[in-house]
J.: 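Questions regarding the structure given below will be posed in turn.
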Amino acid sequence: MGFSFGIRLLLILMAALLAVIVGLAAGVLAHLDEARPPACIVRAAAACGVALTLFLLTLCSLGLLS
């Protein structure tokens with residue numbers, strides 16, 4: 001028996017929020033490393049995308065989204 005739609009939506013939104021936080025941290029760390037602003041944005045976006053992918057793959061592999 002799977003979770004309801006509301007619970008699955010909450011898990012996806014939580015994964016997205018955590019990915020944004022990871023991306024923000026990566027952007028700040030890149031800025032502290034004295035990278036140029038476009039490079040900071042690229043690093044933050046890449047970290048956010050990778051984190052969201054890993055979070056969603058983990059949730060799917062645990063069977064929480066199926």
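Since we're looking at a predicted model, the values are computed, not measured.
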J.: I'd like to know if Leu64 and Phe5 are part of one continuous hydrophobic network [Ile/Leu/Val/Met/Phe/Trp/Tyr, side-chain heavy atoms within less than 4.5 Å].
T.: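 No; Leu64 is not reachable from Phe5 via cluster members.
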
J.: Counting only pairs under 3.5 Å, give me each side-chain donor-acceptor contact of residues 26-48, with atom names and distances, residues two or more places apart or in other chains.
T.:
none

J.: Can you give me every donor-acceptor pair (side chain of residues 52-61, partner residue at least two apart or in another chain, under 3.5 Å) with its distance?
T.:
residue : atom : partner : partner atom : Å
Thr53   : OG1  : Gly49   : O            : 2.8
Thr58   : OG1  : Leu54   : O            : 2.7
Ser61   : OG   : Leu57   : O            : 3.2
Ser61   : OG   : Thr58   : O            : 2.9

J.: In residues 8-23, what donor-acceptor pairs under 3.5 Å come from side-chain atoms, sequence neighbours left out?
T.:
residue : atom : partner : partner atom : Å
Arg8    : NE   : Phe3    : O            : 3.1
Arg8    : NH2  : Phe3    : O            : 2.9

